[in-house]
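Single-structure report; data block below.
Each chain gets a letter, A, B and so on, in the order its sequence line appears, and its residues count up from 1.
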Number of protein chains: 2
Amino acid sequence: MSAHATHECVQLVPIFQELEASQLDTIESIVQHHHYQTGETLFNAEDSLDTLLIVAGGQVKVYQLAANGREQLLYLLQTGDIDGEAALFENKQRTSYAEALVPTDICSIRRDDFQQLMQQYPSISINVLNVFGKRLTQLEKQTTSTATESVEARLANYLTETAASLDVQAFKLPLKKKDLATFLGTTPETISRKLTRFEKQGLITQKPGKVIQINDADQLLLVE
Amino acid sequence: MSAHATHECVQLVPIFQELEASQLDTIESIVQHHHYQTGETLFNAEDSLDTLLIVAGGQVKVYQLAANGREQLLYLLQTGDIDGEAALFENKQRTSYAEALVPTDICSIRRDDFQQLMQQYPSISINVLNVFGKRLTQLEKQTTSTATESVEARLANYLTETAASLDVQAFKLPLKKKDLATFLGTTPETISRKLTRFEKQGLITQKPGKVIQINDADQLLLVE
DNA sequence: ATTAAAACTTGACCGCCATCAAGAAATAAA
DNA sequence: TTTATTTCTTGATGGCGGTCAAGTTTTAAT
């Protein structure tokens, strides 16, 4: 972990974007750095909630476990994303688990420090509100979709959305099928079957290396 | 709608709780009042997002429609609750619908006004962050639960949680079966069947007026 | 390059629950 | 109260998709 990584960390995060260089320096001084290997756990549901996490580099999955032991992937955090609820409630337990999917650098800020920052720079709270708002919107959609649509429709939607957001026709699935399955609320077996089905219908083409090529996005969106 | 209803409106809401009476008066002056009949629509997904809503009295359901037309109930807003994402993003469309379930009084604050308030009184942003955080936690749980657990487990969980939060053994279902069904991601028919099943197992007793009595909460929580 | 382990695919089976339908009960209206 | 609507319950049916299992491919390790 090099010295300039510290600087990158706070600069990466949109929630600090209104602050000036000198103010960023102040924040840098209270940030702690961590590194996690692939598969390593960042936190468990049993852990106490006392830090705000910033993904300085890498990829992290945040998931919950249902009573029956099944896993539900909630967020896929990328570089620059934060895991935030953490810093805002007192004496609460976490409800989620987080695990590094690739070697990952994390910066953390203690809850007390972050709350002080928010008092000092109101723009931070506003920015965090925006992050939360987007996350709420995403979760609302995910809830609606898992509760009311078929697995096939959810998968089709995921494929077209991912392609659209990357602005490409073909892309590599960013997750193992198992993780993608827990994200879509299904199983790896079903994902395999549905992808094969889409391919037979000519809607997609599966290429080596988990690459999916979208052949007919319009038709995919009509899948029920 | 009486004059003192204005005063109640801002006092009701936890997000303003740190403010003094004189500051509340200022806010009162920029609040608009509305009344809705049962079944009346507060907003559609097509509406623009330019106000923060405060439920001054009554009950409101907030829901989404999936591509296939099925409804998903997301929130049941009670007196004192807010519908907030609204005020925070520019030029976005709503993604949800809202409908009054009983005669309902609403106070609204325009986005610009509310953002100004947040700049002026940082405690408001912090409070809104707390509201959002709780809502996120709730939604995360709902997503996990609908995606990974059986309808039976979700219903059992809903019953025990509702009873626990009201701190009673018996309570009246606050929603029609149809709405409860869209909340739990199922159908009214299935709810009927599951409740009958629970009753036959001695776990609950159904009484006239949609009243449910919990007989064995421990056993209910073990339902898979 | 070989071996070991993990991830993926395909098949067979079957249970949960959505759907359609019709009758009963409850609520609202006249 | 009587009538009309809406809501609720119960039955019959069928399909989606989860589970278990075995084989295949990919990835990782030595």
Side-chain angles (χ1 to χ4, degrees), chain A residues 37-40 61 66-73 99 101-103 144-156 158 172-200 204-212 223-224, chain B residues 37-39 61 66-73 99 101-103 145-156 158 172-200 204-212 223-224:
Chain A
Q37 304 292 344
T38 301
E40 210 173 337
K61 72 167 177 178
N68 55 25
R70 284 187 59 184
E71 193 175 314
Q72 172 67 40
L73 200 160
E99 181 187 318
L101 291 178
V102 297
T144 300
S145 152
T146 52
T148 62
E149 293 181 331
S150 69
V151 171
E152 207 165 316
R154 273 177 270 157
L155 177 59
Y158 171 82
K172 180 188 163 84
L173 290 175
L175 292 167
K176 293 182 203 150
K177 292 245 164 70
K178 181 198 154 237
D179 287 324
L180 183 55
T182 71
F183 181 65
L184 296 174
T186 181
T187 61
E189 293 96 324
T190 298
I191 300 226
S192 271
R193 283 187 249 270
K194 299 300 182 189
L195 286 179
T196 305
R197 182 174 230 261
F198 289 159
E199 190 161 33
K200 281 183 182 158
I204 67 167
T205 308
Q206 299 189 68
K207 300 186 173 179
K210 281 199 284 195
V211 172
I212 305 280
V223 168
E224 292 228 349
Chain B
Q37 304 292 342
T38 301
K61 71 166 177 178
N68 55 24
R70 284 186 60 184
E71 193 176 315
Q72 173 66 40
L73 200 159
E99 180 187 318
L101 291 178
V102 297
S145 152
T146 52
T148 61
E149 294 182 331
S150 69
V151 171
E152 207 166 317
R154 275 178 269 157
L155 177 59
Y158 171 82
K172 180 187 163 88
L173 290 175
L175 292 167
K176 292 181 205 153
K177 292 247 163 71
K178 180 197 155 238
D179 287 324
L180 183 56
T182 72
F183 180 65
L184 295 175
T186 181
T187 60
E189 293 94 323
T190 299
I191 301 226
S192 272
R193 283 187 248 270
K194 297 301 182 190
L195 286 178
T196 305
R197 183 174 229 261
F198 288 159
E199 189 161 34
K200 280 181 184 159
I204 67 166
T205 309
Q206 299 190 69
K207 300 185 174 180
K210 281 200 281 195
V211 172
I212 305 281
V223 168
E224 292 227 350

(request) Figure out the NZ/P separation between Lys176(B) and dA28(C), and round it to whole Å. (result) 9 Å
(message) Please determine whether a side-chain nitrogen or oxygen atom of Lys210(A) lies at a distance below 4.0 Å from atom OP1 or OP2 of dT27(D).
(response) no
(message) For a quick test of reading the model: is some side-chain N or O of Lys177(A) closer than 4.0 Å to OP1 or OP2 of dT9(C)?
(response) yes
(request) Using a strict 4.0 Å threshold on nitrogen-to-oxygen distance, state whether Lys61(B) and Glu71(B) make a salt bridge. (result) yes
(request) Return no unless some side-chain N or O of Thr196(A) is found under 4.0 Å from OP1 or OP2 of dT9(C). (result) no
(request) Quickly work out the Glu149(B) CD to dG18(D) P distance and round it to whole Å. (result) 15 Å
(message) Rounded to whole Å, please give me the gap between CD in Glu152(A) and C1' in dG18(D).
(response) 15 Å
(message) So that I can tick it off, tell me whether Glu152(B) and Arg197(B) are bridged by a salt bridge, with the cut-off set at under 4.0 angstrom between side-chain N and carboxylate O.
(response) yes
(request) Round to the nearest Å and state the distance from Glu189(B) atom CD to dG11(D) atom P. (result) 14 Å
(request) Indicate, with a heavy-atom threshold strictly under 4.0 Å, whether Gly185(A) touches base, sugar-phosphate, or nothing. (result) sugar-phosphate
(request) Give the C-alpha distance, both sets of side-chain angles, the deciding distance and a yes or no for side chain to side chain contact (heavy atoms under 4.5 Å, CB included) between Lys207(B) and Ile212(B). (result) CA-CA 6 Å; Lys207(B) 300 185 174 180; Ile212(B) 305 281; over 6 Å; no
(request) Find the distance Lys178(A):NZ to dG18(D):C1' and express it as a whole number of Å. (result) 16 Å
(request) Take the protein atom CZ of Arg193(A) and the nucleotide atom P of dT19(D), then report the distance between them rounded to whole Å. (result) 11 Å
(message) So, does Thr190(B) get its side chain near the phosphate of dA18(C), meaning an N or O under 4.0 Å from OP1 or OP2?
(response) yes
(request) Would you kindly compare Val151(A) and Pro208(A) by the position of their nearest DNA chain D nucleotide and give the one closer to the 5′ end? (result) Val151(A)
(message) With side chain to side chain contact (heavy atoms under 4.5 Å, CB included) as the test, pick out the partner of Thr146(B) among Thr144(A), Thr148(A), Thr146(A).
(response) Thr146(A)
(request) I would like to know whether Lys177(B) and Leu195(B) meet side chain to side chain contact (heavy atoms under 4.5 Å, CB included); could you show each step before the answer? (result) CA-CA 11 Å; Lys177(B) 292 247 163 71; Leu195(B) 286 178; 3.6 Å; yes
(request) Determine: side-chain N/O of Thr186(A) to OP1/OP2 of dG18(D), distance under 4.0 Å, yes or no. (result) yes
(message) dT10(C), OP1 or OP2 - any side-chain N/O from Ser192(A) closer than 4.0 Å?
(response) no
(message) I need the NZ-C1' distance between Lys194(A) and dC8(C), as an integer number of Å.
(response) 17 Å
(message) Closest-nucleotide mapping onto DNA chain D: is Arg154(A) or Gly209(A) further toward the 5' terminus? I mean the 5' end.
(response) Arg154(A)
(request) Write down the distance between CD1 (Ile212(B)) and C1' (dT9(D)), rounded to a whole number of angstrom. (result) 13 Å
